[in-house]
There are 2 protein chains.
Amino acid sequence: MILDSVDKKLIALLQDDCKQTTKALSLKLNLSVTAVYERIKKLEKSGVIDKYVALIKKEAVNKSFVVFCHIKLVQHTHDYVVQFEKEVTKLEEVMSCYHISGDYDYLIQVVVKDMEAFREFLVNKLTSINHIGSTHSMFVINEVKYTTAVTV
Amino acid sequence: MILDSVDKKLIALLQDDCKQTTKALSLKLNLSVTAVYERIKKLEKSGVIDKYVALIKKEAVNKSFVVFCHIKLVQHTHDYVVQFEKEVTKLEEVMSCYHISGDYDYLIQVVVKDMEAFREFLVNKLTSINHIGSTHSMFVINEVKYTTAVTV
DNA sequence: GGTGAAAACTCGCACTT
DNA sequence: AAGTGCGAGTTTTCACC
(Lines give C-alpha, C1' and ligand atoms only; values in the text may rest on other atoms or scores of the structure.)
Protein backbone atom coordinates (compact mmCIF):
# COMPACT_ATOMS: atom_id res chain seq x y z
CA MET A 1 0.00 0.00 0.00
CA ILE A 2 1.25 3.47 -0.89
CA LEU A 3 1.08 5.95 1.93
CA ASP A 4 0.81 9.69 1.33
CA SER A 5 1.82 12.31 3.86
CA VAL A 6 -1.66 12.41 5.40
CA ASP A 7 -1.60 8.64 5.92
CA LYS A 8 1.77 8.95 7.60
CA LYS A 9 0.57 11.67 9.92
CA LEU A 10 -2.53 9.61 10.69
CA ILE A 11 -0.41 6.57 11.50
CA ALA A 12 1.76 8.66 13.79
CA LEU A 13 -1.32 9.95 15.60
CA LEU A 14 -2.85 6.49 16.00
CA GLN A 15 0.43 5.01 17.21
CA ASP A 16 0.36 7.57 20.00
CA ASP A 17 -3.35 7.37 20.86
CA CYS A 18 -5.72 5.08 19.01
CA LYS A 19 -8.74 6.03 21.12
CA GLN A 20 -9.05 9.58 19.91
CA THR A 21 -12.24 10.10 17.95
CA THR A 22 -12.31 10.39 14.20
CA LYS A 23 -13.49 13.94 14.73
CA ALA A 24 -10.42 14.85 16.78
CA LEU A 25 -8.25 13.30 14.08
CA SER A 26 -10.12 15.14 11.33
CA LEU A 27 -9.35 18.47 12.98
CA LYS A 28 -5.65 17.63 13.28
CA LEU A 29 -5.50 16.51 9.66
CA ASN A 30 -7.80 19.18 8.19
CA LEU A 31 -10.08 16.59 6.66
CA SER A 32 -13.69 15.60 7.06
CA VAL A 33 -14.66 12.86 9.51
CA THR A 34 -15.54 10.50 6.67
CA ALA A 35 -12.25 11.01 4.86
CA VAL A 36 -10.37 10.11 8.03
CA TYR A 37 -12.70 7.19 8.67
CA GLU A 38 -12.05 5.77 5.22
CA ARG A 39 -8.30 6.20 5.46
CA ILE A 40 -8.32 4.32 8.76
CA LYS A 41 -10.42 1.48 7.32
CA LYS A 42 -8.00 1.24 4.41
CA LEU A 43 -5.00 1.09 6.73
CA GLU A 44 -6.72 -1.64 8.75
CA LYS A 45 -7.76 -3.70 5.73
CA SER A 46 -4.40 -3.46 4.02
CA GLY A 47 -2.72 -4.66 7.21
CA VAL A 48 -0.67 -1.52 7.84
CA ILE A 49 -2.45 -1.25 11.18
CA ASP A 50 -2.02 -4.61 12.83
CA LYS A 51 -4.05 -4.19 16.00
CA TYR A 52 -5.17 -1.79 18.69
CA VAL A 53 -3.93 -2.56 22.17
CA ALA A 54 -3.85 -1.19 25.68
CA LEU A 55 -0.34 -0.80 27.09
CA ILE A 56 -0.19 -1.39 30.81
CA LYS A 57 2.37 -0.40 33.41
CA LYS A 58 4.36 -3.51 34.30
CA GLU A 59 4.89 -2.23 37.84
CA ALA A 60 1.14 -2.02 38.40
CA VAL A 61 0.73 -5.72 37.73
CA ASN A 62 3.79 -6.87 39.61
CA LYS A 63 5.94 -7.69 36.62
CA SER A 64 8.79 -5.26 37.11
CA PHE A 65 11.67 -7.65 36.63
CA VAL A 66 12.90 -7.66 33.04
CA VAL A 67 15.69 -9.86 31.75
CA PHE A 68 17.23 -10.32 28.33
CA CYS A 69 18.62 -13.79 27.65
CA HIS A 70 20.97 -14.81 24.93
CA ILE A 71 20.39 -18.40 23.92
CA LYS A 72 22.55 -20.77 21.93
CA LEU A 73 21.30 -24.06 20.54
CA VAL A 74 23.47 -27.15 20.56
CA GLN A 75 22.94 -27.52 16.82
CA HIS A 76 21.12 -25.66 14.09
CA THR A 77 19.32 -28.49 12.42
CA HIS A 78 15.92 -27.57 11.04
CA ASP A 79 14.06 -29.70 13.57
CA TYR A 80 15.90 -28.22 16.54
CA VAL A 81 15.21 -24.68 15.39
CA VAL A 82 11.52 -25.33 14.74
CA GLN A 83 11.02 -27.06 18.06
CA PHE A 84 12.84 -24.41 20.07
CA GLU A 85 10.90 -21.57 18.44
CA LYS A 86 7.61 -23.33 19.02
CA GLU A 87 8.33 -24.03 22.69
CA VAL A 88 9.71 -20.60 23.52
CA THR A 89 6.73 -18.89 21.88
CA LYS A 90 4.42 -20.74 24.25
CA LEU A 91 6.07 -19.30 27.35
CA GLU A 92 3.98 -16.43 28.72
CA GLU A 93 6.99 -14.83 30.43
CA VAL A 94 8.66 -14.37 27.04
CA MET A 95 7.56 -11.04 25.59
CA SER A 96 9.76 -11.27 22.54
CA CYS A 97 12.16 -13.64 20.81
CA TYR A 98 14.48 -12.77 17.97
CA HIS A 99 16.69 -15.00 15.89
CA ILE A 100 19.87 -12.97 15.61
CA SER A 101 23.31 -12.95 14.06
CA GLY A 102 26.37 -13.22 16.25
CA ASP A 103 27.76 -15.39 18.99
CA TYR A 104 24.35 -16.44 20.22
CA ASP A 105 21.38 -17.67 18.18
CA TYR A 106 18.48 -16.00 19.96
CA LEU A 107 17.73 -12.99 22.10
CA ILE A 108 14.61 -13.17 24.25
CA GLN A 109 13.00 -10.68 26.58
CA VAL A 110 11.53 -12.08 29.77
CA VAL A 111 9.14 -10.25 32.10
CA VAL A 112 8.49 -11.62 35.57
CA LYS A 113 7.79 -10.53 39.15
CA ASP A 114 11.25 -10.76 40.67
CA MET A 115 14.53 -12.63 40.71
CA GLU A 116 12.95 -15.66 42.32
CA ALA A 117 10.32 -15.86 39.58
CA PHE A 118 13.08 -15.54 37.02
CA ARG A 119 15.01 -18.42 38.60
CA GLU A 120 11.84 -20.51 38.44
CA PHE A 121 11.37 -19.58 34.81
CA LEU A 122 14.97 -20.32 33.90
CA VAL A 123 15.20 -23.66 35.67
CA ASN A 124 11.72 -25.04 35.05
CA LYS A 125 10.68 -23.55 31.76
CA LEU A 126 13.44 -22.18 29.58
CA THR A 127 16.22 -24.68 30.10
CA SER A 128 13.79 -27.57 30.03
CA ILE A 129 13.35 -26.90 26.31
CA ASN A 130 15.38 -29.46 24.38
CA HIS A 131 18.50 -28.61 22.42
CA ILE A 132 19.44 -25.46 24.32
CA GLY A 133 23.21 -25.31 24.51
CA SER A 134 23.81 -22.31 26.71
CA THR A 135 22.13 -19.17 28.00
CA HIS A 136 23.43 -15.83 29.15
CA SER A 137 21.17 -13.54 31.19
CA MET A 138 21.36 -9.76 31.30
CA PHE A 139 19.25 -8.07 33.96
CA VAL A 140 17.56 -4.78 33.20
CA ILE A 141 18.67 -2.11 35.65
CA ASN A 142 16.60 0.63 34.07
CA GLU A 143 14.26 1.04 31.10
CA VAL A 144 15.64 4.20 29.52
CA LYS A 145 13.29 4.22 26.53
CA TYR A 146 10.41 2.11 25.30
CA THR A 147 8.05 2.84 22.46
CA THR A 148 5.83 0.84 20.12
CA ALA A 149 5.68 3.68 17.60
CA VAL A 150 7.73 3.43 14.44
CA THR A 151 8.54 6.71 12.72
CA VAL A 152 6.83 6.98 9.34
CA MET B 1 -4.25 -0.68 43.14
CA ILE B 2 -5.59 -4.12 44.00
CA LEU B 3 -6.79 -6.12 41.02
CA ASP B 4 -9.41 -8.81 41.35
CA SER B 5 -9.88 -11.62 38.87
CA VAL B 6 -12.35 -9.59 36.78
CA ASP B 7 -9.86 -6.73 36.49
CA LYS B 8 -7.20 -9.16 35.37
CA LYS B 9 -9.43 -10.68 32.74
CA LEU B 10 -10.40 -7.17 31.60
CA ILE B 11 -6.74 -6.15 31.33
CA ALA B 12 -5.99 -9.26 29.29
CA LEU B 13 -8.86 -8.44 26.92
CA LEU B 14 -7.81 -4.82 26.50
CA GLN B 15 -4.19 -5.76 25.93
CA ASP B 16 -5.38 -7.87 23.02
CA ASP B 17 -7.93 -5.43 21.59
CA CYS B 18 -8.61 -2.07 23.16
CA LYS B 19 -11.15 -1.04 20.55
CA GLN B 20 -13.79 -3.55 21.46
CA THR B 21 -16.87 -1.85 22.87
CA THR B 22 -17.79 -1.86 26.52
CA LYS B 23 -20.80 -3.89 25.52
CA ALA B 24 -18.67 -6.64 23.97
CA LEU B 25 -16.50 -6.65 27.09
CA SER B 26 -19.53 -6.77 29.37
CA LEU B 27 -20.73 -9.94 27.64
CA LYS B 28 -17.34 -11.61 28.01
CA LEU B 29 -17.12 -10.63 31.68
CA ASN B 30 -20.78 -11.22 32.60
CA LEU B 31 -21.19 -7.72 33.92
CA SER B 32 -23.29 -4.72 33.04
CA VAL B 33 -21.95 -2.14 30.61
CA THR B 34 -21.64 0.47 33.35
CA ALA B 35 -19.74 -1.86 35.68
CA VAL B 36 -17.18 -2.54 32.95
CA TYR B 37 -17.04 1.14 32.07
CA GLU B 38 -16.23 2.06 35.66
CA ARG B 39 -13.58 -0.62 36.02
CA ILE B 40 -11.87 0.66 32.89
CA LYS B 41 -11.95 4.27 34.15
CA LYS B 42 -10.43 3.10 37.42
CA LEU B 43 -7.65 1.24 35.62
CA GLU B 44 -6.94 4.33 33.53
CA LYS B 45 -6.96 6.76 36.46
CA SER B 46 -4.81 4.56 38.68
CA GLY B 47 -2.26 4.28 35.88
CA VAL B 48 -2.52 0.52 35.38
CA ILE B 49 -3.49 1.24 31.79
CA ASP B 50 -0.80 3.51 30.44
CA LYS B 51 -2.08 4.26 26.95
CA TYR B 52 -3.99 2.95 23.97
CA VAL B 53 -2.00 2.58 20.78
CA ALA B 54 -2.21 1.25 17.26
CA LEU B 55 0.46 -1.31 16.44
CA ILE B 56 1.56 -1.19 12.85
CA LYS B 57 3.32 -3.72 10.67
CA LYS B 58 6.92 -2.59 10.27
CA GLU B 59 7.10 -4.14 6.81
CA ALA B 60 4.20 -2.00 5.62
CA VAL B 61 6.08 1.19 6.40
CA ASN B 62 9.44 0.07 5.12
CA LYS B 63 11.11 -0.44 8.46
CA SER B 64 11.86 -4.14 8.31
CA PHE B 65 15.48 -4.04 9.39
CA VAL B 66 15.83 -4.57 13.11
CA VAL B 67 19.12 -4.51 14.98
CA PHE B 68 20.02 -4.90 18.61
CA CYS B 69 23.14 -3.02 19.71
CA HIS B 70 25.12 -3.52 22.84
CA ILE B 71 26.76 -0.30 23.94
CA LYS B 72 29.56 0.32 26.39
CA LEU B 73 30.41 3.76 27.74
CA VAL B 74 34.00 4.82 28.25
CA GLN B 75 33.21 5.66 31.86
CA HIS B 76 30.20 5.48 34.16
CA THR B 77 30.30 8.91 35.66
CA HIS B 78 26.91 10.39 36.42
CA ASP B 79 27.22 13.06 33.74
CA TYR B 80 28.20 10.60 31.02
CA VAL B 81 25.28 8.32 31.83
CA VAL B 82 22.76 11.15 31.92
CA GLN B 83 23.99 12.63 28.66
CA PHE B 84 24.07 9.32 26.84
CA GLU B 85 20.56 8.40 27.96
CA LYS B 86 19.23 11.79 26.95
CA GLU B 87 20.80 11.66 23.50
CA VAL B 88 19.87 8.08 22.71
CA THR B 89 16.25 8.70 23.73
CA LYS B 90 16.02 11.44 21.13
CA LEU B 91 16.89 9.10 18.26
CA GLU B 92 13.74 8.06 16.40
CA GLU B 93 15.35 4.86 15.12
CA VAL B 94 15.77 3.66 18.71
CA MET B 95 12.64 1.82 19.77
CA SER B 96 13.96 0.81 23.16
CA CYS B 97 16.98 1.28 25.38
CA TYR B 98 17.76 -0.68 28.50
CA HIS B 99 20.50 -0.19 31.06
CA ILE B 100 21.61 -3.73 31.72
CA SER B 101 23.98 -5.79 33.81
CA GLY B 102 26.86 -7.63 32.20
CA ASP B 103 29.72 -6.94 29.84
CA TYR B 104 27.97 -4.06 28.12
CA ASP B 105 26.12 -1.16 29.72
CA TYR B 106 23.16 -0.75 27.39
CA LEU B 107 21.05 -2.76 24.99
CA ILE B 108 19.13 -0.81 22.36
CA GLN B 109 16.73 -1.90 19.66
CA VAL B 110 17.00 -0.07 16.36
CA VAL B 111 14.39 -0.16 13.57
CA VAL B 112 15.32 1.12 10.13
CA LYS B 113 14.71 0.48 6.43
CA ASP B 114 17.74 -1.56 5.50
CA MET B 115 21.43 -2.15 6.10
CA GLU B 116 22.37 1.11 4.44
CA ALA B 117 20.01 3.06 6.71
CA PHE B 118 21.52 1.25 9.66
CA ARG B 119 25.03 2.19 8.59
CA GLU B 120 23.90 5.81 8.36
CA PHE B 121 22.35 5.58 11.81
CA LEU B 122 25.43 3.99 13.34
CA VAL B 123 27.96 6.34 11.82
CA ASN B 124 26.06 9.62 11.92
CA LYS B 125 23.80 9.30 14.92
CA LEU B 126 24.71 6.64 17.43
CA THR B 127 28.48 6.81 17.52
CA SER B 128 28.40 10.60 17.37
CA ILE B 129 27.04 10.56 20.91
CA ASN B 130 29.86 11.42 23.29
CA HIS B 131 31.39 8.93 25.69
CA ILE B 132 30.47 5.78 23.80
CA GLY B 133 33.28 3.30 24.22
CA SER B 134 32.25 0.46 21.97
CA THR B 135 29.22 -1.01 20.25
CA HIS B 136 28.32 -4.51 19.15
CA SER B 137 25.52 -5.00 16.64
CA MET B 138 23.32 -8.08 16.32
CA PHE B 139 21.09 -8.24 13.27
CA VAL B 140 17.64 -9.72 13.56
CA ILE B 141 17.24 -12.63 11.17
CA ASN B 142 13.69 -13.39 12.23
CA GLU B 143 11.17 -12.08 14.74
CA VAL B 144 9.98 -15.31 16.34
CA LYS B 145 7.69 -13.69 18.90
CA TYR B 146 6.60 -10.18 19.78
CA THR B 147 3.86 -9.13 22.14
CA THR B 148 3.03 -6.05 24.21
CA ALA B 149 0.72 -8.03 26.48
CA VAL B 150 1.93 -8.95 29.96
CA THR B 151 0.23 -11.92 31.58
CA VAL B 152 -1.79 -10.86 34.60
C1' DG C 1 -13.33 13.76 -0.73
C1' DG C 2 -17.81 15.81 1.51
C1' DT C 3 -22.82 15.61 3.59
C1' DG C 4 -26.23 13.90 6.31
C1' DA C 5 -28.75 10.56 8.90
C1' DA C 6 -29.56 6.05 11.23
C1' DA C 7 -27.51 2.81 14.31
C1' DA C 8 -24.44 2.03 17.94
C1' DC C 9 -21.88 3.51 21.74
C1' DT C 10 -20.38 6.40 25.77
C1' DC C 11 -20.99 7.94 30.12
C1' DG C 12 -23.37 10.54 33.92
C1' DC C 13 -27.41 9.81 36.94
C1' DA C 14 -30.67 7.67 39.94
C1' DC C 15 -31.50 3.52 42.25
C1' DT C 16 -30.52 -1.37 44.15
C1' DT C 17 -27.80 -5.05 46.75
C1' DA D 1 -18.27 -0.38 47.66
C1' DA D 2 -19.78 -2.17 43.63
C1' DG D 3 -23.56 -3.35 40.30
C1' DT D 4 -27.84 -2.33 37.35
C1' DG D 5 -30.81 0.21 34.06
C1' DC D 6 -31.95 4.36 31.73
C1' DG D 7 -31.28 7.97 28.38
C1' DA D 8 -29.23 12.27 26.42
C1' DG D 9 -25.45 13.41 23.74
C1' DT D 10 -21.51 11.60 20.80
C1' DT D 11 -19.48 8.82 17.65
C1' DT D 12 -19.37 5.46 14.16
C1' DT D 13 -20.75 3.90 9.91
C1' DC D 14 -22.44 4.16 5.32
C1' DA D 15 -25.40 5.30 1.24
C1' DC D 16 -25.37 9.09 -1.74
C1' DC D 17 -23.52 13.52 -3.86
Side-chain angles (χ1 to χ4, degrees), chain A residues 1-64 113 147-152, chain B residues 1-63 147-152:
Chain A
M1 183 178 166
I2 294 142
L3 304 171
D4 66 15
S5 66
V6 177
D7 287 323
K8 288 178 181 176
K9 183 132 187 247
L10 177 55
I11 290 170
L13 289 166
L14 291 173
Q15 281 191 112
D16 182 58
D17 177 11
C18 70
K19 282 271 196 129
Q20 52 193 316
T21 63
T22 314
K23 189 173 181 183
L25 292 166
S26 71
L27 293 172
K28 290 174 189 168
L29 297 169
N30 295 313
L31 276 177
S32 69
V33 168
T34 305
V36 173
Y37 172 76
E38 277 170 0
R39 277 173 186 268
I40 293 173
K41 287 297 150 212
K42 212 167 146 193
L43 290 172
E44 289 170 355
K45 277 177 189 136
S46 67
V48 176
I49 294 176
D50 188 29
K51 62 193 305 200
Y52 298 102
V53 302
L55 300 181
I56 61 161
K57 283 231 176 66
K58 293 191 293 293
E59 302 73 31
V61 294
N62 241 296
K63 295 284 172 75
S64 305
K113 179 167 178 272
T147 180
T148 55
V150 176
T151 308
V152 286
Chain B
M1 184 177 164
I2 294 143
L3 304 170
D4 66 15
S5 66
V6 177
D7 288 321
K8 289 177 181 175
K9 183 131 186 250
L10 177 55
I11 290 170
L13 290 166
L14 291 174
Q15 282 191 112
D16 182 57
D17 176 11
C18 70
K19 281 272 197 130
Q20 52 193 315
T21 63
T22 314
K23 189 173 181 181
L25 292 166
S26 73
L27 293 172
K28 290 173 189 168
L29 297 169
N30 296 311
L31 274 178
S32 69
V33 168
T34 306
V36 173
Y37 172 76
E38 277 170 359
R39 277 174 185 266
I40 293 173
K41 287 296 149 211
K42 211 166 145 193
L43 291 172
E44 290 170 353
K45 278 179 188 135
S46 67
V48 175
I49 294 176
D50 189 28
K51 63 194 306 202
Y52 298 103
V53 302
L55 300 182
I56 61 160
K57 284 233 176 64
K58 294 190 293 293
E59 301 74 31
V61 294
N62 242 295
K63 295 284 172 78
T147 180
T148 55
V150 176
T151 308
V152 287

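Not measured: the values here are computed from a predicted model.
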Can you check whether [X] has a side-chain N or O nearer than 4.0 Å to OP1 or OP2 of [N]?
| X | N | answer |
| --- | --- | --- |
| A:T22 | D:dT11 | no |
| B:Y37 | C:dG12 | yes |
| B:K42 | D:dA2 | yes |

Ion pair check, A:K41 and A:E38, cut-off under 4.0 Å: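 Salt bridge: no.
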
Sidechain N-carboxylate O distance under 4.0 Å for A:R39, A:D7: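 Yes, A:R39 and A:D7 are salt-bridged.
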
Distance check needed: [N] [atom2] versus [X] [atom1], whole Å only.
| X | N | atom1 | atom2 | answer |
| --- | --- | --- | --- | --- |
| A:K41 | D:dA15 | NZ | C1' | 16 Å |
| A:E38 | D:dC17 | CD | P | 15 Å |
| A:R39 | D:dT13 | CZ | P | 18 Å |
| B:N30 | D:dT4 | CG | C1' | 14 Å |
| B:I40 | C:dC9 | CD1 | P | 13 Å |
| A:K23 | D:dT13 | NZ | C1' | 16 Å |
| A:Q20 | D:dT12 | CD | P | 10 Å |
| A:Y52 | D:dT12 | OH | P | 11 Å |

Atom NZ of B:K19 with >12 non-hydrogen neighbours under 6.0 angstrom: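 Above 12, so yes.
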
B:T21 (side chain) and C:dT10 (base): donor-acceptor pair under 3.5 Å: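 Such a pair does not exist between side chain and base.
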
Sugar-phosphate only, base, or nothing, as touched by B:T34 at under 4.0 Å among non-hydrogen atoms: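 Touches a base.
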
Candidate nucleotides D:dT4, C:dG2, D:dT12, ranked by approach to the side chain of A:V33 - the nearest: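 Of the options given, the side chain of A:V33 lies nearest D:dT12.
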
Residue B:A35, side-chain heavy atoms: nucleotide from C:dC11, C:dG1, D:dT4 that is nearest: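 Output: D:dT4.
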
Qualifying residue, where the test is side chain to side chain contact (heavy atoms under 4.5 Å, CB included) with A:T22 and the options are A:T34, A:V33, A:L27: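 Exactly one pass, corresponding to A:V33.
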
Candidate list A:T148, A:T151, A:V150, test side chain to side chain contact (heavy atoms under 4.5 Å, CB included), partner A:Q15, passing option: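 Among A:T148, A:T151, A:V150, the one meeting side chain to side chain contact (heavy atoms under 4.5 Å, CB included) with A:Q15 is A:V150.
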
5' priority, DNA chain D, between B:K19 and B:V6 [closest heavy atom]: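 Counting from the 5' end, the first nearest nucleotide belongs to B:V6.
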
